[in-house]
Structure formats: C-alpha cells, structure tokens
Amino acid sequence: MILNCRKHPNIRTCWREIGAALPYRPYNAVYQRGHILFERSESRNWTEDEKAVVLKFYEKHGPDWKSLAQILGKNRHHVRETWRHTSRTGLKKGNWTQKEYQSLFHLVNKDLRMRMYEEKPSKHGMIRDNISWQAISDRLTTRTEMRCCKKWYDQLSSSMVKEGKWANTDDYRLLDELLRLDACCVEDVDWDNLLEHRSGYISLKRWRQMVNHIGIHGLQSFADQVEVLSKRYCPELLEVREALDSRPVVD
C-alpha cells in the first residue's frame, strides 16, 4: 500500500510524515529512497539475460520503466540506468583524458548558463547545483552521469568548498585576477593580496589543485597554465555562478 499511497486516501500523506522524521533530507529524496529499498531485487547484479530483456522491451514498448520494473521485480530507476549503460557503447573507466576534462568543463559551464534562472531545488547530492548530469553524460558519451558528477565535485571543485574555506565563485575570481596580472611565474604573484577575502595560502593551494588536473599543460609556463584554466573555468561565468549560489534553496 505504501508504494501506491495515492490510491489509498487514508495513507496518502505517509511519505511526508516519514520525511518529517528526516528533516536533513528533502521530501523527494526520502520518497525515492523508500521506493528503491522496497522495490529493488535481492540480487543486485544484472544477468545477461535480464539485460537482453531490457533491450528487447525498450525496442517494443519504449521507456515504460514502471511496467518493465514490475516484470523484472526491480526498481524502475535501476531498470532505466541498466538500459542506459547496456545500450551505450564506448563508456570508459579509469583515467580521464584531457579532451574529456575540457568537454566536461564546457558542458557544465553551458548547463550552468542554461539553469541560471531556474529554481534551486536542493543542496543535497547530485542536484545541489541543479546540473543535468544525465544530459552531460549523454553528450560526453564516454562516462556515466555518476562518474561525471563525482569527477566534478570530488576533483574539479575544491574540497575546501565543503570546509567553508573556499567558494565556487572564488575559482572564477582567482582566474580573473591572474589574467589581469599577466605574471610570468607563480613567484611573481602577490598571493596574499590577490583576493581580498581569501588568504594567500588558501589562494595558492587552490591554484595548485587546479594545475593538478591539466595534464601535460602542467609542464608549460605559468602564463600558459593560466590561459588553459581560464578557458576551462570561464571567468566571464562569474555572474552566472554568483546567481546560482545566491538562489534560495527550495526543499
């Protein structure tokens, strides 16, 4: 009954009541997690026969994931993801190429621009910036949406953001100031006075984090490194990033 509460008026609001007991989680996340726990099969691994059924069903009926999930005894989200991973060829694992890095930056920056005026639904998990990781994964073609998301937040975004020592907008301000300076080497930069609201130690630490992910470009001159990173982080996107971060969170 709880999985079809809309058909039962006496328990129609059950998920909101459950969500009230978990105030640190948005209502939709509680609802989705509940369905996954109740609907997923005991066997987490997919057999080749099951994957073949998914592909055959999609060819005949399209993305009717709910019906297919009932047939297979699995959660519809897991069915959809299995179809996406099974039907897609060319997915990679392991180290990212510099072309993939550049493509990811381009796609995320483009997505941020598109979502500048949309509501910010949650500060939790993959949707904290409301970035469409599925669309980005589809366009990148070589990585799943989860890998794109983890690469962005675990490596390309600074870990200092979670610690409150850095902000997303600081990346754009840092590159903008370095472009203005046109310094020849890292020693020519007055890091203590580069960003008035950040210490020189923190600014330099963030710069080194950025350089770690530009591959062979890390062997180039400081000026070339600044140029490469400025193309990735797009300093002109600062206003967009500020607008995104300043939007009120709607749970």
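Everything numeric in this text was worked out from a predicted model, so none of it was measured.
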Which class fits the ring pair W152 and F105: parallel under 30°, tilted 30 to 60°, perpendicular over 60°?
perpendicular
Can you say whether the rings of Y153 and W133 are parallel (under 30°), tilted (30 to 60°) or perpendicular (over 60°)?
perpendicular
Is any side-chain heavy atom of [X] closer than 4.5 Å to a side-chain heavy atom of [Y]?
X: K93; Y: R147; value: yes
X: V53; Y: L68; value: yes
X: F57; Y: S67; value: yes
X: W191; Y: I202; value: no
X: W207; Y: L194; value: no
X: Q209; Y: S159; value: yes

R139-Q134 side chain donor-acceptor pair, cut-off 3.5 Å
no
Under a 3.5 Å cutoff, is there a donor and acceptor pairing between the side chains of T82 and W46?
yes
Salt bridge check: are [X] and [Y] linked by an N-O gap of less than 4.0 Å?
X: R206; Y: D171; answer: yes
X: K56; Y: E59; answer: no
X: D170; Y: R173; answer: yes

Within this structure, what is the [atom1]-[atom2] distance for the pair [X] and [Y], rounded to the nearest 0.5 Å?
X: L140; Y: Y101; atom1: CG; atom2: OH; answer: 12.0 Å
X: K66; Y: I71; atom1: NZ; atom2: CD1; answer: 13.0 Å
X: H213; Y: L229; atom1: NE2; atom2: CG; answer: 10.5 Å
X: D49; Y: L72; atom1: CG; atom2: CG; answer: 11.0 Å
X: L178; Y: D188; atom1: CG; atom2: CG; answer: 11.5 Å
X: L195; Y: S203; atom1: CG; atom2: OG; answer: 4.5 Å

Heavy-atom closest contact ([X] atom, [Y] atom, distance):
X: N95; Y: E100; value: O-OE1, 4.3 Å
X: S137; Y: C148; value: CA-SG, 4.2 Å
X: S132; Y: D111; value: N-OD2, 3.2 Å
X: K92; Y: R143; value: O-NH1, 3.3 Å
X: I136; Y: V108; value: CD1-CG2, 3.8 Å
X: L175; Y: S230; value: CD1-N, 3.7 Å

Under 3.5 Å, is there a donor-acceptor pair between the side chain of [X] and the main chain of [Y]?
X: Q225; Y: V211; answer: no
X: D192; Y: S199; answer: no
X: E50; Y: T47; answer: yes

Within 45° of the six-membered ring axis of W83 and under 6.0 Å from that ring's centre, is NZ or CZ of K51 located there?
no
Carefully, step by step, assess Y58 and W65 under the rule ring-ring contact (aromatic ring centres under 6.0 Å, His included).
CA-CA 9 Å; Y58 182 84; W65 307 125; 5.7 Å; yes
Would you sort out whether M210 and L156 count as a side-chain contact (heavy atoms from CB on, under 4.5 Å), showing the intermediate values?
CA-CA 7 Å; M210 289 178 170; L156 302 181; over 6 Å; no
Does atom NZ of K165 have more than 12 heavy-atom neighbours, drawn from other residues, nucleotides or ligands, at distances under 6.0 Å?
no
So with a 6.0 Å cut-off around CG of N212, is the heavy-atom count from everything else above 12?
yes
Would L104 and L91 show up in the same hydrophobic cluster when neighbours are defined by side-chain heavy atoms closer than 4.5 Å?
no
